[in-house]
Amino acid sequence: MSAFDWPALQRAGLNGLNLRPEDFWALTPRELQVMLGAEARPALGRSGLQALMQAYPDGADLPETDGGYDGSGKSEHADGSCATA
């Protein structure tokens, strides 16, 4: 991953695009790239999504009881108590 040239990006956003500082800092780097005219990347396709799902499977490293929602209408807290949704 390359470092961002923050001074240049700030000049482009604040001076070139006339953004207010709070609007500049609220943008994601990708949003700023688009506003500065960067070409859009193609949307994530089915094969790309499947590759991500295989690389990062849901719950792969979670213990049997992870304190999450199990669909029963109850959610287990870290202390073992349950809350009803």
Side-chain angles (χ1 to χ4, degrees):
M1 184 168 141
S2 62
F4 288 111
D5 183 355
W6 287 112
L9 291 173
Q10 284 179 293
R11 281 190 298 278
L14 301 175
N15 296 334
L17 297 173
N18 296 316
L19 295 171
R20 296 178 306 161
E22 57 269 20
D23 295 331
F24 172 83
W25 290 111
L27 293 172
T28 65
R30 185 68 190 134
E31 289 170 330
L32 183 57
Q33 285 178 323
V34 169
M35 292 178 78
L36 293 172
E39 292 185 30
R41 295 182 209 159
L44 183 65
R46 182 177 298 274
S47 62
L49 176 59
Q50 288 175 336
L52 283 173
M53 289 169 54
Q54 188 172 19
Y56 304 100
D58 287 343
D61 296 326
L62 297 176
E64 180 128 351
T65 301
D66 66 349
Y69 181 71
D70 65 3
S72 67
K74 296 180 180 176
S75 180
E76 185 177 325
H77 296 270
D79 65 2
S81 65
C82 290
T84 303

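Every value quoted in this text rests on a predicted model; they were computed, and no experiment measured them. In what follows, every heavy atom counts, from backbone to side chain, and hydrogens, waters and symmetry copies are set aside.
- Annotation: the span from Q33 atom CD to L9 atom CG amounts to 8.5 Å, rounded to 0.5 Å.
- Under the 30°/60° scheme for interplanar angles, the aromatic rings of W6 and W25 are found to be tilted.
- Annotation for A26 and E31: closest pair O-OE1, 4.2 Å, computed over non-hydrogen atoms.
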Taking only distance into account, with no hydrogens and no angle test, what donor-acceptor pairs under 3.5 Å do side-chain atoms of residues 44-55 form with protein atoms, sequence neighbours excluded?
none

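- Atom CG in L27 sits 6.0 Å away from atom CG in L19 (nearest 0.5 Å).
- D23 CG to L32 CG: the interatomic distance, rounded to the nearest 0.5 Å, is 12.0 Å.
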